[in-house]
Amino acid sequence: MAASQHVSLTVNGRSVQAVVEPRLLLVHFLRESLGLTGTHVGCDTTHCGACTVLLDGKAIKSCTQLAVQADGREVLTVEGLAKDGELHPIQEAFLARHGLQCGFCTPGMLMTTYALLNANRKPTEEQIRAAISGNLCRCTGYVKVVDSVRQAARTLARPARAKPRTGRRRTTGRRR
Ligand code: FES
Ligand code: FES
């Protein structure tokens, strides 16, 4: 077995140091070592997108990255979206527009949406559908997901959001 390696990274704004096996997948590091179980595992084959997180701002499937590949980098998971107990506008939009049913795909959908809207605040439906094409949902039929992303885009595009967070304390990225 290869020697364990020390990794130092930032996860949801917090500095994390750990010693990991080189073969440890990032998703297992997040879920099992850090207890961040909002990131789901749906397939383990880079297919479903349930494990999507941001690595240095880019949406990646954490089931196909090694934890050691995140060394020195910044990871954002679904747990990092809400601040001070208040949902992120993207989470609010998914709630308001019913962009989830069972919620299993939702953390990945939220993180993909976050990356999309960081790059493009006014995506077309085609661009939204292209962005979420790597995130599978077996419940919603995607129409409500697209609607949720559009709602989030509208909220985030407002120049001076008088009320950027509503104070709701529910979490859409459920723990499993
Ligand atoms: Fe990573 Fe499905 S668990 S893509
Ligand atoms: Fe159930 Fe998407 S809400 S898989």
Side-chain angles (χ1 to χ4, degrees), residues 9-14 26-27 30-31 34-42 48-63 70 73-176:
L9 61 155
T10 303
V11 180
N12 299 336
R14 276 185 33 231
L26 180 57
V27 68
L30 294 170
R31 287 179 57 86
L34 303 185
L36 297 172
T37 54
T39 300
H40 294 166
V41 180
C48 73
C51 64
T52 304
V53 300
L54 266 61
L55 185 63
D56 289 342
K58 187 174 171 205
I60 57 111
K61 292 178 177 177
S62 59
C63 71
R73 303 174 75 180
E74 195 164 325
V75 176
L76 182 70
T77 73
V78 70
E79 288 90 346
L81 293 184
K83 292 276 183 282
D84 303 322
E86 297 183 11
L87 296 181
H88 187 278
I90 294 173
Q91 293 172 303
E92 289 286 359
F94 272 72
L95 272 177
R97 295 291 176 170
H98 307 288
L100 67 151
Q101 286 182 31
C102 78
F104 195 84
C105 72
T106 308
M109 287 288 186
L110 294 172
M111 302 317 291
T112 295
T113 301
Y114 188 99
L116 169 68
L117 297 183
N118 265 352
N120 178 3
R121 282 290 163 100
K122 279 190 169 181
T124 61
E125 177 169 345
E126 195 178 8
Q127 289 168 331
I128 293 169
R129 286 185 178 273
I132 64 170
S133 61
N135 293 80
L136 302 185
C137 176
R138 58 192 289 179
C139 304
T140 62
Y142 300 96
V143 172
K144 290 184 183 302
V145 173
V146 171
D147 202 22
S148 301
V149 177
R150 296 184 108 159
Q151 170 70 39
R154 281 193 292 274
T155 305
L156 291 167
R158 283 180 205 148
R161 287 185 295 122
K163 199 178 172 194
R165 295 177 184 278
T166 66
R168 272 204 256 187
R169 289 176 186 270
R170 291 171 58 186
T171 302
T172 53
R174 291 182 206 164
R175 292 193 161 218
R176 298 257 159 188

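The model shown is predicted, which means the values in this text are computed figures rather than measured ones. Atom set for the values below is all heavy atoms of this structure, side chains included, hydrogens, waters and symmetry mates excluded.
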Exercise. Any side-chain heavy-atom pair from V27 and V53 closer than 4.5 angstrom?
Worked result: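 No, every pair of side-chain atoms sits at 4.5 Å or beyond.
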Exercise. Heavy-atom distance under 4.5 Å between the side chains of L117 and P123, does that happen here?
Worked result: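 Yes, close enough: below the 4.5 Å cut-off.
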Problem set entry | Of V149, N135, L100, I90, the residue whose pairing with M109 passes side-chain contact (heavy atoms from CB on, under 4.5 Å) |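 For M109, the side-chain contact (heavy atoms from CB on, under 4.5 Å) test succeeds with only one of V149, N135, L100, I90, which is N135.
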Exercise. For the side-chain contact (heavy atoms from CB on, under 4.5 Å) test, which of L116, T112, L110, N118 pairs with Y114?
Worked result: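 Going through L116, T112, L110, N118 one by one, the side-chain contact (heavy atoms from CB on, under 4.5 Å) with Y114 is satisfied by N118 alone.
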Please round to the nearest 0.5 Å and tell me the distance separating atom [atom1] of [X] and atom [atom2] of [Y].
X: K61; Y: C48; atom1: NZ; atom2: SG; value: 7.0 Å
X: D147; Y: Y142; atom1: CG; atom2: OH; value: 16.0 Å
X: T113; Y: L156; atom1: OG1; atom2: CG; value: 10.5 Å

Problem set entry | Residue that, paired with R129, satisfies side-chain hydrogen bond (donor to acceptor under 3.5 Å, both in side chains) out of Q127, E125, E126 |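 Exactly one pass, corresponding to E125.
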Exercise. Applying the side-chain hydrogen bond (donor to acceptor under 3.5 Å, both in side chains) test to T77, which of T39, N12, T37 qualifies?
Worked result: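 Only match with T77 under side-chain hydrogen bond (donor to acceptor under 3.5 Å, both in side chains): N12.
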Exercise. Judged by atom type as modelled, is there a donor-acceptor pair below 3.5 Å linking the side chain of H40 to the main-chain atoms of F104?
Worked result: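 A pair under 3.5 Å: yes.
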Problem set entry | Flag, side chain of S62 to backbone of C51, donor-acceptor distance under 3.5 Å |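 A pair under 3.5 Å: yes.
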Non-hydrogen atoms of [X] and [Y] that approach each other most closely:
X: L76; Y: M111; answer: O-CE, 3.4 Å
X: C139; Y: Q101; answer: O-NE2, 3.2 Å
X: A70; Y: L26; answer: CB-CD1, 4.1 Å
X: R73; Y: D56; answer: NE-OD2, 3.0 Å
X: R150; Y: I128; answer: CG-CD1, 3.5 Å
X: A50; Y: G42; answer: CB-N, 4.0 Å

Exercise. Going through the distances and angles, do R154 and Q151 end up as a side chain to side chain contact (heavy atoms under 4.5 Å, CB included)?
Worked result: CA-CA 5 Å; R154 281 193 292 274; Q151 170 70 39; 3.2 Å; yes
For this session: For atom CZ of R121, decide whether the heavy atoms of other residues, nucleotides or ligands shown that lie under 6.0 angstrom number more than 12.
Result: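 Yes - once you tally the heavy atoms of other residues, nucleotides and ligands closer than 6.0 Å, there are more than 12.
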